[in-house]
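Residue numbers count from 1 along this sequence. As a basis for the values below, the full set of heavy atoms in this structure was taken, side chains included, without hydrogen atoms, waters or symmetry mates. Predicted, not measured: the structure shown is a model, and the values here were computed from it.
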Amino acid sequence: TNMCVMVCAMVIASVGLNMSSTAVIIGAMLISPIMGSILASAYASVSADYPLLYKHAMGFGVQIAISVIAATIYFFLSPVKEPTVELMARTAPTFYDVLIAFFGGLAGIIGQTREDKVNTVIPGVAIATALMPPLCTCGYSIANGRLDMLLGAGYLFILNSYFIFLSAGIIMSILKIPKVRELTEKEWRRHRFRMVRNTILIALPSIIAVYMMI
């Protein structure tokens, strides 16, 4: 069911990008279930449930693959080949996108873990962090042979996904989510080092992009 919803969301987002319709793009972002996989992966990571983390990571990878394939097919068949403003806007990520993804992820996980389950936060986070349009832009890039756009859109998607994952993990650690098993001191240091290293490596190009704009 999630895969069917994902394909529908991707086609809607692709049409919106192709026609430069912001309203249609926002609608697609509200439909997409992709953020659930990121939050579930963050939960599995914090709880040290590595089989569950592997399961959700694989599911997330499948969602990405299906989404890009659906978008590629659409843009290959679309008669509109010129990149629109909405497509180009997803090809030049900066550190501002890091801030949006990080604080969007914080808002999303706080909304998911609060006692009041009437949750109006997730739709707003889905719009703010914009996971679907970069994937659609990747599909456009593949269909039209635009490697430059593919690299920019792919990086934006990685940036958004990682910092949603990171912020969700931080909040769940603060909330002391029950663990499947306690990590040893050595395992914890290794885990912390990897998180710091990955954060620096993923954020660095976006920081450089901001300074180049000044």
Side-chain angles (χ1 to χ4, degrees), residues 13 17 25 29 32 34-46 48 50 53-54 56-61 63-65 67-68 71 83 85-110 124-142 145-174 183 186-214:
L17 289 167
I25 297 168
M29 288 187 281
S32 170
I34 197 167
M35 187 176 293
S37 295
I38 300 175
L39 298 181
S41 296
Y43 172 82
S45 177
V46 172
Y50 296 117
L53 177 60
Y54 176 79
H56 284 301
M58 289 296 293
F60 185 53
Q63 284 181 321
I64 293 171
S67 297
V68 173
V85 173
E86 291 287 354
L87 281 167
M88 295 303 297
R90 271 77 188 187
T91 60
T94 68
F95 189 69
Y96 299 116
D97 295 293
V98 171
L99 296 177
I100 293 168
F102 184 79
F103 287 100
L106 286 180
I109 196 62
I110 290 170
V125 174
I127 295 169
T129 53
L131 291 167
M132 298 298 288
L135 284 181
C136 292
T137 305
C138 288
Y140 171 87
S141 306
I142 294 169
R146 292 292 302 270
L147 180 61
D148 56 329
M149 293 180 66
L150 178 62
L151 293 175
Y155 176 55
L156 178 57
F157 178 77
I158 292 170
L159 205 65
N160 287 345
S161 300
Y162 178 77
F163 280 94
I164 292 170
F165 172 85
L166 178 66
S167 57
I170 289 171
I171 292 297
M172 283 189 277
S173 296
I174 293 171
L183 299 178
K186 183 178 180 181
E187 288 175 324
W188 168 240
R189 284 200 304 268
R190 188 186 307 124
H191 178 73
R192 184 170 54 190
F193 170 77
R194 287 174 179 169
M195 292 298 289
V196 172
R197 178 200 62 193
N198 293 344
T199 300
I200 293 171
L201 290 176
I202 292 173
L204 190 59
S206 68
I207 296 171
I208 294 171
V210 169
Y211 278 101
M212 290 177 66
M213 291 170 60
I214 298 175

Could you go through L39 and I164, starting from their C-alpha distance and side-chain angles, then the distance that decides it, and tell me whether this counts as side chain to side chain contact (heavy atoms under 4.5 Å, CB included)?
CA-CA 8 Å; L39 298 181; I164 292 170; 4.2 Å; yes
H191 vs S45, side chain to side chain contact (heavy atoms under 4.5 Å, CB included): CA-CA, chis, key distance, verdict:
CA-CA 10 Å; H191 178 73; S45 177; 3.8 Å; yes
Report the C-alpha separation of Y162 and L201 in whole Å, then their side-chain angles, then the decisive distance to 0.1 Å, and conclude whether the side chain to side chain contact (heavy atoms under 4.5 Å, CB included) test is met.
CA-CA 11 Å; Y162 178 77; L201 290 176; over 6 Å; no
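Counting all heavy atoms, side chain and backbone alike, P93 lies closest to D97 at CA-OD2, 3.3 Å. Heavy atoms only, all atoms of each residue included: M132 and A13 are closest at CB-CB, 4.5 Å. The shortest heavy-atom contact between H56 and S37 is CB-O, 4.4 Å. Between L159 and A203, the closest heavy-atom pair is CD1-CA, 4.4 Å. When all heavy atoms of C138 and G154 are compared, the closest pair comes out as SG-N, 3.6 Å.
Note: F95 CZ to L204 CG = 10.5 Å, rounded to the nearest 0.5 Å. Here the CD1 atom belonging to I34 is positioned 6.0 Å from the CD1 atom belonging to I38, to the nearest 0.5 angstrom. To the nearest 0.5 Å, atom CD1 of residue I158 and atom CG of residue N198 are 11.5 Å apart. Note: F102 CZ to T199 OG1 = 9.0 Å, rounded to the nearest 0.5 Å. One finds the CG atom of L156 at 9.0 Å from the OG atom of S161 (value rounded to the nearest 0.5 Å). I25 contributes atom CD1, which lies 5.0 Å from atom CZ of R90 (distance to the nearest 0.5 angstrom).
Without hydrogens or angle criteria, S167 side chain to F163 main chain gives a donor-acceptor distance under 3.5 Å. A donor-acceptor pair under 3.5 Å is absent between the side-chain atoms of T91 and the main chain of M149, judged by distance alone. Under the 3.5 Å distance criterion, the side-chain polar atoms of Y155 are left unmatched by any main-chain donor or acceptor of A92.
More than 12 non-hydrogen atoms from other residues, nucleotides or ligands lie less than 6.0 angstrom from OH of Y50.
Relative ring orientation between F157 and F60 is described as parallel, the plane-to-plane angle staying below 30° on a 0-90° scale split at 30° and 60°.
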